[in-house]
Asker: 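Sharing a structure here in structure tokens format.
Just so we're on the same page: letters track the sequence lines, and every chain starts at 1.
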Amino acid sequence: MIKGWAIGLTAVAHPVFSHFNMKLRKQQGIMLILPAILVMGLFTVYPLLEGLRMAFTNKHLLKEGVRYVGLQNFIRLLSDEIFWVSLYHSVLLTAVVVFLQFVLGLILALAMNQKLPGMSLFKSIIMASWVIPVAATVILFKFMAQPDIGLINIVIKTIGFENLNRYWLGDPNVALPFIMLLHLWRNVPFYGVAFLAAMQAIPESYYEAAEIDGANTRHKFWHITLPGIRNMVIVMVTIHVLWTFNNFDFVYLATGGGPVNATDVLPVYVYRQCWTSYTIGYGASIGTVMLLLLMIYFIVFIKISERDKIA
Amino acid sequence: MCKKKWILIGLSAVLFISGPFGLISEGIAKKSLSFWNMPFVTQEVSPEYVIQWEKDVQTALPDFTVDNFYGPGKYKDQRDKFLLQAKSGTPDVIEGLLEDTAVYVQKGLIEPLDSYFNSWNEKGQFIESTLAPLRINGKLYGLPYNTNARAMVYRKDIFEKHGLAVPKTWDELIQTARKITELTSKKTFGFYVCTEVGGPRAAQEFISWYYQVSRRQNMFEVVNGNIKFNATVDQLEKVLTLYDELFKDATFPACDPNVRGTGWPVEDPGYVAGKWAMAPMGPWLWGRRTESSIAKDILENRTAITRLPYSSDGEPATYLEVKPIMMNAYSKDKAGAWKLIQYIVSKEKMANWLVDSGGIPARKDSTDMDVFEKAGVQWWMKGFANELPISVTMAPVNWGPVSEANLRAVNFVIYDKKTPREAAQWLYDRITELKKNNEL
């Protein structure tokens, strides 16, 4: 009865009343999003602005007095050999890992999309790598990489390559690929499950129509499956570029950036600047560069995605 | 209504019991103190000793409750967290490295103890050489509970079995270590040295070799707040050449190439498991004899202690470690914190702690106690105490970035990325830059 009365009132509302009603609704909306804005402002915007501000200072955790130094920190970056090595590793790690995760995740999703016995159990088991904490994953792999007693070396020795027995994370040529392997081990199942969900949302009738038109498996994949999961691909790639480029824990726990500089990446370098040298200002300038690089990536990526969508 | 009445009666009874006689009254009457102490977390001290210590502290400080969370368990994490949270007043008391003391003083986080210490009737028991490194800008910033000088532990059974002489110089060390690696078919490598970037032990071992080539001159001198950098490229090159030779890709290298870039978590367990025949070491290793029967046998029956081999064109020298107990300048109960410090560095507590973990007490009366003799640890303590006259303490600067640079240079060399000369020049330039940027 009340509902009917309210509908009636709205239907015959005077323009002034309608204006008041809209204003009220707008205020209600603002009130509803205010907590989220406050939380984001406090925990995202403020630290971000503070980080940007510090990048232009000589802030040192142990020294009193902070002064603005203009672009001095950024000029110092240009001649910082370790910064460039770390940047190279960060870009390489992100590009290789995200590409391989995409390809392997796609293969996994296609495999899981087949109607085979035990598939639901398999789907549950493979997500274990995603559930296990990163620290536990790293410890597991570090143990497997140990000389003599690690699983990798036991297998290598068993098949007759005893001369390859070594601490794999201590080899400068292997350490970075090994870190990539850790990323893949953790994230490929996640990609697989996400792509599978997107594949299962594609109407079966598309495939049936394609079959009637004489499309083979390859055609169906290129013209139905891949466009069908396009939005999921964009989401997954976007998220993982961000996660991988900013990833700290895998490298820090596995190698700390070593051996020599073989696995140095920007997040670990920022941490070392802030917590070994205590040069917060310089560390913030590296963080600012990371922010700029990711922003450029996102702008370009989103523009390309939107252009493709329109096309 | 009846139900509500019973709930009210129940609540009143609980409050009555836990109020005047129970938990609440105890919580109000007792003040809480916190103590961050890495050796209690890492089993450098046995868990049995920690349990006993906790019981004893309740008796010794009946008005206080000492929290049994002893901090993060790694010196680096402990330092980082203390830098961030000291102003909250927790922990009240902190154990640490001498290098930490300089950092905390720069930040104004620890309390000078002069006024407390000078009015303590036991102050005369502390050995002056252990107090001296804790005096920064004329103020005493901690009380020492433990001191040691680095020496070299070696497997006397292996040396006796193969008729080998204990090395005295670097050249002899390299040759002997390679020989042992060969004689044991790599089951036991001749030597171990820490090379972990960021590891405190690796930094301390590096500086021991440096003191030898610099003829005990400190790498830095602090005069009226100004820091002078004393090292030369030639000196640094000599130290880096030693690391190069130790890991050189010989058929039978002195050090295991698989443990390049590792630190004390590999060094100590490796020695007591029989993986290396010689290692630079401090007395804490004694605490590991309870790990296994092999560890006990190696430490009690098969190990001897000698001076660190030294550079032929330098002189014998080693790193002096003094472990301080410090008071948080922001502690909410400084009087209570001082009582806790007095308890930690008391005659009996210092002696019992060091009997358990191995170590040289910083008090004369602790050293004289018969507990060391009863525990059969005197020979062990003496082995390290012999090195005190040639030991050098570290200058009070921010060693973090310097130690990182030192070990980075070491890693360049042991992974064949730079020659010792190139790495030495890189290191010299890096430390000069740190000094120029006022980061020390």
Side-chain angles (χ1 to χ4, degrees), chain A residues 58-67 69 72-73 75-76 79-82 85 139 142 145-150 153 162-175 252 254-264 268-269 271-283, chain B residues 76-77 79-81 83-84 102-109 186-187 189 195-199 202-203 247 256-263 265-266 273 275 397-405 407-418 423 426 429-430 433-434 436-440:
Chain A
N58 67 343
K59 186 173 173 63
H60 190 287
L61 197 68
L62 306 181
K63 312 277 178 190
E64 293 302 323
V66 182
R67 64 183 172 82
V69 292
Q72 205 173 300
N73 287 333
I75 294 165
R76 185 176 158 192
S79 57
D80 184 342
E81 190 187 333
I82 301 171
V85 169
I139 290 166
K142 275 181 94 164
Q146 291 294 318
D148 303 321
I149 54 166
N153 286 307
E162 189 139 350
N163 57 332
L164 291 176
N165 177 30
R166 69 190 64 184
Y167 178 50
W168 291 94
L169 280 163
D171 185 329
N173 299 318
V174 181
Y252 186 74
T255 61
V260 199
N261 300 117
T263 58
D264 256 334
V268 173
Y269 192 45
Y271 175 83
R272 278 211 310 270
Q273 285 303 322
C274 295
W275 289 107
T276 301
S277 302
Y278 303 120
T279 47
I280 306 287
Y282 189 54
Chain B
K76 186 176 175 352
D77 295 346
R79 184 170 61 239
D80 293 350
K81 288 193 189 330
L83 283 170
L84 279 182
V103 169
Y104 300 153
V105 169
Q106 279 197 35
K107 190 75 179 158
L109 297 179
K186 296 186 180 177
K187 282 197 170 61
F189 278 83
T195 49
E196 180 191 16
V197 178
F247 286 94
D256 182 357
N258 278 321
V259 295
R260 284 178 295 183
T262 58
V266 173
K275 289 171 94 174
V397 300
N398 172 25
W399 277 94
V402 178
S403 295
E404 192 196 308
L407 269 300
R408 234 167 236 290
V410 166
N411 275 253
F412 283 143
V413 168
I414 62 175
Y415 283 103
D416 294 326
K417 299 291 176 189
K418 289 186 197 289
W426 177 89
D429 294 344
R430 175 77 184 132
E433 189 193 359
L434 288 169
K436 194 181 108 195
N437 292 335
N438 196 26
E439 289 174 21
L440 299 180

Asker: Would you compute the distance between atom CZ of Phe247(B) and atom CG of Asn411(B) and round it to the nearest 0.5 angstrom?
Answerer: 9.0 Å

Asker: Salt bridge or not for Glu433(B) and Arg430(B), using N-O below 4.0 Å?
Answerer: yes

Asker: With sequence neighbours left out, what residues match Asp256(B) under side-chain hydrogen bond (donor to acceptor under 3.5 Å, both in side chains)?
Answerer: none

Asker: At a 4.5 Å cut-off on heavy atoms, which part of Glu196(B) comes close to chain A: side chain, backbone, both, or neither?
Answerer: neither

Asker: Are Asn261(A) and Tyr269(A) packed together at the side-chain level, in the sense that at least one heavy-atom pair is separated by less than 4.5 angstrom?
Answerer: no

Asker: Are the side chains of Lys275(B) and Val259(B) in contact, using a 4.5 Å heavy-atom criterion?
Answerer: no

Asker: Taking only residues two or more places apart in sequence or in another chain, which ones pass side-chain hydrogen bond (donor to acceptor under 3.5 Å, both in side chains) with Asp429(B)?
Answerer: Gln425(B)

Asker: Is any side-chain heavy atom of Tyr282(A) closer than 4.5 Å to one of His60(A)?
Answerer: no

Asker: Between Glu439(B) and chain A, which part of the residue has a heavy atom less than 4.5 Å away: side chain, backbone, both or neither?
Answerer: both

Asker: Test of understanding: with salt bridge (Lys or Arg N to Asp or Glu O under 4.0 Å), list the residues that count as partners of Asp80(A), not counting sequence neighbours.
Answerer: none

Asker: Go through the atoms of Leu61(A) and report whether side chain, backbone, both or neither lie under 4.5 Å from a heavy atom of chain B.
Answerer: both

Asker: At a heavy-atom separation under 4.5 Å, does Gln146(A) approach chain B through its side chain, its backbone, both, or neither?
Answerer: neither

Asker: In terms of heavy-atom proximity below 4.5 Å to chain A, should Val197(B) be classed as side chain, backbone, both, or neither?
Answerer: neither

Asker: Examine whether an atom of Asn165(A) lies under 4.5 Å from a heavy atom of chain B, and if so say whether it belongs to the side chain, the backbone or both; otherwise answer neither.
Answerer: backbone

Asker: Asn153(A) side chain to Arg166(A) main-chain N or O, any donor-acceptor pair under 3.5 Å?
Answerer: yes

Asker: So which part of Leu440(B) gets closer than 4.5 Å to some heavy atom of chain A, the side chain, the backbone, both or neither?
Answerer: backbone

Asker: In Å and rounded to the nearest 0.5 Å, what is the CD to CG distance from Gln72(A) to Asn437(B)?
Answerer: 8.0 Å

Asker: Find the one option among Lys76(B), Lys417(B), Arg260(B) whose heavy-atom pairs under 4.5 Å with chain A are most numerous.
Answerer: Lys76(B)

Asker: Using a 4.5 Å heavy-atom cutoff, which residues in residues 272-280 of chain A come close to chain B?
Answerer: Arg272(A), Trp275(A), Thr276(A), Ser277(A), Tyr278(A), Thr279(A)

